[in-house]
Amino acid sequence: MRVGILGSGLMGAKLGTIFARVGHEVVFSYARSQDKLEKLAREAKGKAQAGTPADAAKHADVLLLAVHWSRIDDVLQQAGDLSGKVIVSCSLPMNADNTKLVVGTTTSGAEELAKKVPQTHVVCAFNTVPSEVLFDVFAARSRAKKPSLVYCGDHSRSKKKAAELIRDAGFSPVDAGPLRIARYTEPFALLVAQLAYEGEGSPEVAYRFERFAE
Ligand SMILES: NC(=O)c1ccc[n+]([C@@H]2O[C@H](COP(=O)([O-])OP(=O)(O)OC[C@H]3O[C@@H](n4cnc5c(N)ncnc54)[C@H](OP(=O)(O)O)[C@@H]3O)[C@@H](O)[C@H]2O)c1
């Protein structure tokens, strides 16, 4: 696939690198320095290049949206016409200092994003994983037991593309349902972050309860 990266920070840089390593054509865009984007493209060691958000969007089969909530309007405006595009968003609707969600319960960041770009297909994915584990999960991808990763969206062909990228990154994709389920996955992402960054012993979080009933 051709994957445009909108936001080449902690999430976008790592996921873009992983996607390039499995053979996707990647365009890294949207960082404060062009040098950084070019370095990422060189070091991805695949079919990767640096570009503008418009370059990333131009021929993309999938766009990974990985910017802070406050940068969404800016990056979308720079990306230009996104009609018909699949946007896989890992962006969480956080306040400026990343201490809390600014929307929730009756809507979600993913749904608000979909309202901003109604001509696109938004899939919410990768938001429940801390960026720090991405390379380790990718390195262990040939193991039979893979960590589950939830995603949701309303458009089945777009969800298939997201599931393929989730699999490529070394996770087992779990279809959590329609985009409105992001109302629950987004706060869940904060729980995961709390456990990852502030908890002790990094417990594995089990959410496939039927396994315990066997
Ligand atoms: N990090 C995580 O573990 C994690 C986990 C789950 C979800 N998320 C969500 O994923 C999204 C991305 O998170 P992240 O941690 O990857 O953020 P990040 O590291 O801050 O990356 C954001 C990217 O946007 C770029 N950017 C910011 N302001 C810009 C500007 N004015 N002009 C051009 N580029 C600009 C940054 O440039 P620079 O590279 O120059 O800084 C960076 O490449 C967020 O919505 C976050 O809530 C993050």
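Read the numbers this way: they start at 1 and go in the same order the structure lists the ligands and their atoms.
Counting protein heavy atoms only, atom 3 (O) of ligand 1 is closest to S131 N, 2.8 Å. For atom 25 (C) of ligand 1, the nearest protein heavy atom (residue, atom name, distance) is Y30 O, 3.5 Å. Of the protein's heavy atoms, V67 O, 3.3 Å lies nearest to atom 44 (C) of ligand 1.
For Q78 and D74, the side-chain atoms include at least one donor-acceptor pair closer than 3.5 Å. In summary, the side chains of S33 and D35 do not present any donor paired with an acceptor at a separation below 3.5 Å, with no hydrogens or angles considered. Checking E43 against T17 by side-chain atom types alone, no donor-acceptor pair falls below 3.5 Å. In this model, a donor atom of one side chain and an acceptor atom of the other lie less than 3.5 Å apart for D168 and H24.
For the pair S8 and ligand 1, the shortest N or O to N or O distance falls below 3.5 Å. Between R71 and ligand 1, an N or O atom pair is found at a separation short of 3.5 Å. Residue K36 places at least one N or O, backbone or side chain, under 3.5 Å from an N or O of ligand 1.
Only the backbone of V129 comes within 4.0 Å of ligand 1, counting heavy atoms alone; no side-chain atom from C-beta on gets that close.
Short contacts between ligand 1 and P130, defined as distances under 4.0 Å to a heavy atom of the residue, involve ligand atoms 3 (O). Interface atoms of ligand 1 facing A66, defined by a heavy-atom separation under 4.0 Å, are 11 (C), 12 (C), 22 (C). Atoms of ligand 1 found under 4.0 Å from any heavy atom of C90 (numbered from 1 in listed order, with element): 7 (C), 8 (N), 9 (C), 10 (O).
The minimum heavy-atom distance between L65 and L113, with the atom names listed, is CD2-CD2, 3.6 Å.
Closest heavy-atom approach to atom 14 (P) of ligand 1 among the candidates L6, L10, N127: L10. Here the shortest heavy-atom distance to atom 43 (O) of ligand 1, taken over S89, G109, G9, S29, belongs to G9. Which of K14, M11, E132, R32 comes nearest to atom 38 (P) of ligand 1 through a heavy atom is settled by distance: it is R32.
In this structure, atom 20 (O) of ligand 1 has its sub-4.0 angstrom surroundings free of protein heavy atoms.
The aromatic rings of F171 and F126 sit perpendicular to each other, their planes meeting at more than 60°, with 30° as the lower class boundary.
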message: E112 vs K115, test: salt bridge (charged side-chain N to carboxylate O under 4.0 Å, His left out). Steps then yes/no.
response: CA-CA 5 Å; E112 295 306 305; K115 282 185 212 159; 2.8 Å; yes

